[in-house]
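Because the structure is a prediction, the values reported are computed rather than measured. What's counted below: heavy atoms across the whole structure, side chains too, no hydrogens, waters or symmetry copies.
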Amino acid sequence: MIKDSMKYEKIISEKLNELLIKNYDAERGYIKAMKEVDNVNLKNFFSNRAEERSRFARQLRTEILTYGELPEDSGSFKGTMHRNWMSLKTTFSSNNEETILEEAIRGEKASLDEYNDLITDTNFPTRLVNLLREQRNAIESAIKSVKLYEEVLS
């Protein structure tokens with residue numbers, strides 16, 4: 001029984017570590033986006049999203065530690081490539097801010113899918129599902145905000 005419990009905790013930690021890495025990537029992406037735009041409202045929006053993702057990462061790190069595993073401490077190669085692609089794309093785009101917002105929406109929708117997959121995992125404890133649901137709802141709200149900014153800019 002103890003061996004099954006340890007395996008279960010390792011599986012949860014692995015899934016949370018994957019999500020943690022994606023939050024690191026999102027935080028760095030928002031910081032990069034913040035530096036790329038001139039619009040003060042967009043800078044603030046991206047800054048707030050970066051802070052939010054940093055908070056999510058801290059919460060996930062705490063959860064991973066409670067399962068006796070070590071949290072990852074950096075983002076992914078894929079996330080770095082996405083940020084580099086964003087830079088290249090905005091360099092050649094006539095409307096950098098709109099392009100950056102489109103990329104933010106795309107990234108947030110991918111995050112939303114990740115969270116939705118984890119929330120439906122029936123093996124997760126209720127407390128953890130509630131935390132993930134809270135983070136997912138914040139991402140959903142951010143998507144709506146990004147779409148609103150995009151409409152204003154276009």
Any donor-acceptor pair under 3.5 Å from Asp121 side chain to Asp117 backbone:
no
How far apart are the closest heavy atoms of Asn17 and Leu70, and which atoms are they?
ND2-O, 3.2 Å
If you measure only the distance, is there a donor-acceptor pair under 3.5 Å linking the side chains of Arg58 and Thr62?
no
May I ask you to say whether Glu102 pairs ionically with Arg106, meaning some side-chain N is under 4.0 Å from a carboxylate O?
no
Got a salt bridge between Arg127 and Glu63, using NZ or NE/NH1/NH2 to carboxylate O under 4.0 Å?
yes
Under a 4.0 Å N-O cut-off, is there an ion pair linking Glu108 with Arg53?
yes
Side chain of Lys43, backbone of Val37: donor and acceptor closer than 3.5 Å?
yes
Distance, nearest 0.5 Å, that separates CG of Leu60 from CG of Leu131:
6.0 Å
Which heavy-atom pair separates Leu20 from Pro71 by the least distance, and what is that distance?
CD2-CB, 3.7 Å
When rounded to the nearest 0.5 Å, the distance separating CG of Leu16 from CD1 of Ile11 is 12.0 Å
Do you know the tightest heavy-atom contact between Ile12 and Tyr67?
CG2-CE1, 3.8 Å
Distance check, rounded to the nearest 0.5 Å: Leu128 atom CG versus Arg133 atom CZ?
10.5 Å
So does Glu72 get a backbone contact from the side chain of Tyr24, meaning a donor-acceptor N/O pair under 3.5 Å?
yes
Side chain to side chain donor-acceptor pair (under 3.5 Å) against Arg49, all qualifying residues, sequence neighbours excluded:
Glu52
Given Glu69, which of Lys10, Lys7, Arg61, Lys15 fulfils the salt bridge (charged side-chain N to carboxylate O under 4.0 Å, His left out) condition?
Lys10
For Phe45, which residues count as a ring pair (Phe, Tyr, Trp, His ring centres under 6.0 Å) partner, sequence neighbours excluded?
Tyr149
Within this structure, what is the CD-OG distance for the pair Glu140 and Ser111, rounded to the nearest 0.5 Å?
12.0 Å
List in chain and number order the residues that pass ring pair (Phe, Tyr, Trp, His ring centres under 6.0 Å) with Phe56, two or more places apart in sequence or in another chain; answer none if no residue qualifies.
none
When you check the side-chain N and O atoms of Glu134 and Tyr115, is any donor under 3.5 Å from an acceptor?
no
Just by modelled atom types, is the Glu9 backbone N or O under 3.5 Å from a matching donor or acceptor in the Ser13 side chain?
yes
Nearest heavy-atom approach of Arg136 to Asn116 is NH1-OD1, 2.9 Å
